[in-house]
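First up is the structure itself, then whatever we jot down about it.
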Amino acid sequence: MIKNPFSAIILKEENEDNKGSVEFQVVSFTNRIRRLTSHLELHKKDYLSQRGLRKILGKRQRLLDYLSKKNRVRYKELIGQLEIRETKNH
């Protein structure tokens, strides 16, 4: 069950059969990041959640780096679809 309505739109566009794809993993990490960010706005001293957020951000960044090296077009489409910034070194 998805709690945020904006993340439901993104996941409906993804193919449910391909949950191991880089794109699906990046989308699911992005949804978790947005959910944790909204949680941390309410609970500023939840340091364990802050650590979890940093770990997920690192995982997503590594997956995006991999995707940008393998297929630049899919990387650009995914960045545009998720409305996240491109890293400085790309």
Quick check: do Leu67 and Val26 have side-chain heavy atoms less than 4.5 Å from each other?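 When only atoms from C-beta onward are counted, Val26 and Leu67 do not touch, as no gap falls below 4.5 Å.
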Side-chain contact, heavy-atom cut-off 4.5 Å: Val22 with Asn71?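 Not touching, per the 4.5 Å side-chain cut-off.
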Can you name the nearest heavy-atom pair linking Lys19 to Gln25, along with the distance?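 That would be O-CG, 4.1 Å.
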Point-to-point distance, once rounded to the nearest 0.5 Å, from [atom1] of [X] to [atom2] of [Y]:
X: Ser68; Y: Leu78; atom1: OG; atom2: CG; result: 11.0 Å
X: Phe29; Y: Phe24; atom1: CZ; atom2: CZ; result: 11.0 Å
X: Ile56; Y: Leu36; atom1: CD1; atom2: CG; result: 5.0 Å
X: Gln81; Y: Ile79; atom1: CD; atom2: CD1; result: 10.5 Å
X: Tyr75; Y: Asp65; atom1: OH; atom2: CG; result: 7.0 Å

When you measure from the side chain of Gln50 to the backbone N and O of Lys44, does any donor-acceptor pair fall under 3.5 Å?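 Yes.
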Set of residues satisfying side chain to side chain contact (heavy atoms under 4.5 Å, CB included) with respect to [X], sequence neighbours excluded:
X: Arg51; result: Arg54, Lys55
X: Glu77; result: Val73
X: Leu57; result: Ile33, Leu53, Arg60

Tell me, yes or no, whether the heavy-atom count around Leu42 atom CG, taken from other residues, nucleotides or ligands under 6.0 Å, exceeds 12.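 Result for CG/Leu42: enclosed.
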Checking Ser49 now: which residues fulfil side chain to side chain donor-acceptor pair (under 3.5 Å) with it, not counting sequence neighbours?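 For Ser49, the residues satisfying side chain to side chain donor-acceptor pair (under 3.5 Å) (neighbours in sequence not counted) are Asp46.
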Residues forming a salt bridge (Lys or Arg N to Asp or Glu O under 4.0 Å) with Arg74, sequence neighbours excluded: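 Counting only residues at least two positions away or on another chain, Arg74 forms a salt bridge (Lys or Arg N to Asp or Glu O under 4.0 Å) with Glu23.
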Do Glu41 and Arg34 sit within salt-bridge range, that is, some charged N less than 4.0 Å from a carboxylate O?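 No, no charged N to carboxylate O under 4.0 Å.
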